[in-house]
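Here the structure is laid out as structure tokens; the discussion comes afterwards.
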Amino acid sequence: MNALADRLDEATLTGRAIPRLTDTADLDVPAAYEVQRALIERRLARGERIVGVKMGFTSRAKMAQMGVDDVIWGLLTDAMLVESRLDTSGLIHPRIEPEIAFLLDRPVRGTADVASAVGGVAVGYEVLDSRYEGFSFTLPDVIADNASASGFGVGPWRRPRDAGDIGNLGLVMEIDGRQVAGGSSAAILGHPLRALTAAARLTRAAGIEMEAGWIVLAGAATAAVPLPAGAHVRVGAAGLGHVEVTTR
């Protein structure tokens, strides 16, 4: 597992794509999560800290496409947080997608109380960057690659009572003033809170407790789109405002 994690880590650091791990390694889903944990340990050893969880395959269509019946997840570190500018020069296949983000104001010890642990809701985005050649991967490959996590940003936090019903919010993503994606938060497992519950279930099963201050990205409401350099991206959600990022 360490050797596979080393290959992915080097690809991330150098910005050079590698062949799929499954082309040469016998990798199932449990083993892929072991590789993911080893990959995150390398980030922690460099001084990064875990700040949250990202969910993937939260669209029923994507689940069907990948032949799975459950979501996948990865971990976010503080080095992945984007303020307002993002350098894409070191990325291999940069893509971006609109998200609903949750901020936890206390630890989550189970799925029963996960909704009450939410202190903030925001519109956000995730930058994806598969480390595999041709953006081609199997399910174990993408899990091992920390679910393609690369960067993320969030807009202003709203208290849950102020955010209102987030179950069917319209989300729009624009690049240089042109709409490139639009959808509803209902595309996220029918309701973004279901993704939050899934995050609590899966992290707990892995022996990880989601902590106060952590951010959970509920998953994309639309397909990811290529993220070019020299672009201005704006993601907005009804009732949640917007978040922007400029790339170079």
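Values below: all heavy atoms of this structure, side chains included; hydrogens, waters and symmetry mates excluded. Since the structure is predicted, the reported quantities are computational estimates derived from the model, not experimental observations.
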Backbone N or O of [Y] within a donor-acceptor pair of the [X] side chain at under 3.5 Å?
{"X": "N146", "Y": "A149", "value": "no"}
{"X": "K54", "Y": "W73", "value": "no"}
{"X": "R131", "Y": "D129", "value": "yes"}
{"X": "S185", "Y": "I166", "value": "yes"}
{"X": "T77", "Y": "I50", "value": "no"}
{"X": "T12", "Y": "L8", "value": "yes"}

- [ ] Supply the atom-to-atom distance I143 CD1 to D141 CG, rounded to the nearest 0.5 angstrom.
- [x]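 Here the rounded value is 9.5 Å.
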
Task: Atom pair OG1/CG of T197 and L189 - distance to nearest 0.5 Å - done: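 One finds 9.5 Å between OG1 of T197 and CG of L189.
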
Minimum heavy-atom distance [X]-[Y], with the two atoms named:
{"X": "D145", "Y": "S130", "value": "OD2-CA, 3.6 Å"}
{"X": "S148", "Y": "V142", "value": "OG-CG2, 3.5 Å"}
{"X": "A144", "Y": "L21", "value": "CB-CD1, 3.9 Å"}
{"X": "M80", "Y": "L76", "value": "SD-CA, 3.9 Å"}
{"X": "A32", "Y": "L27", "value": "N-CD1, 4.0 Å"}
{"X": "A218", "Y": "T58", "value": "O-CG2, 3.2 Å"}

Open item on the list: Within the supplied structure, the quantity of interest is the number of heavy atoms (other residues, nucleotides, ligands) at a distance under 6.0 Å from R37 CZ; does it exceed 12?
Closed with: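 Result for CZ/R37: open.
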
Less than 4.5 Å apart, any side-chain heavy atom of [X] and any of [Y]?
{"X": "H93", "Y": "Y132", "answer": "no"}
{"X": "R20", "Y": "S136", "answer": "yes"}
{"X": "V51", "Y": "I215", "answer": "no"}

TODO: Under the salt bridge (Lys or Arg N to Asp or Glu O under 4.0 Å) rule, collect the residues that match up with R42, sequence neighbours excluded.
DONE: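 Partners of R42 under the salt bridge (Lys or Arg N to Asp or Glu O under 4.0 Å) test: D6.
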
TODO: Taking only Lys NZ, Arg NE, NH1 and NH2, and the carboxylate oxygens of Asp or Glu, determine whether D9 and R46 approach each other closer than 4.0 Å.
DONE: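 Answer for the salt bridge query: yes.
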
Task: Residues E209, R204: salt bridge by 4.0 Å N-O rule - done: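 Salt bridge between E209 and R204, a charged N being under 4.0 Å from a carboxylate O: no.
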
Open item on the list: Using the rule given for side-chain contact (heavy atoms from CB on, under 4.5 Å), can you reason through D105 versus R159, listing the C-alpha separation, both sets of side-chain angles and the distance that settles it, and then say yes or no?
Closed with: CA-CA 11 Å; D105 65 1; R159 300 293 297 179; 4.2 Å; yes

Open item on the list: Run F102 and W214 through ring pair (Phe, Tyr, Trp, His ring centres under 6.0 Å) and show every step you take.
Closed with: CA-CA 8 Å; F102 296 102; W214 276 24; over 10 Å; no

- [ ] Quick one: name the residues clustered hydrophobically with I92, using the 4.5 Å side-chain heavy-atom rule over I, L, V, M, F, W, Y, and just say none if it's on its own.
- [x]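 Members besides I92: none; it forms no cluster.
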
TODO: Indicate whether any N or O donor in one side chain lies under 3.5 Å from an N or O acceptor in the other, for D113 and S116.
DONE: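 D113 vs S116: no donor-acceptor pair found between side chains.
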
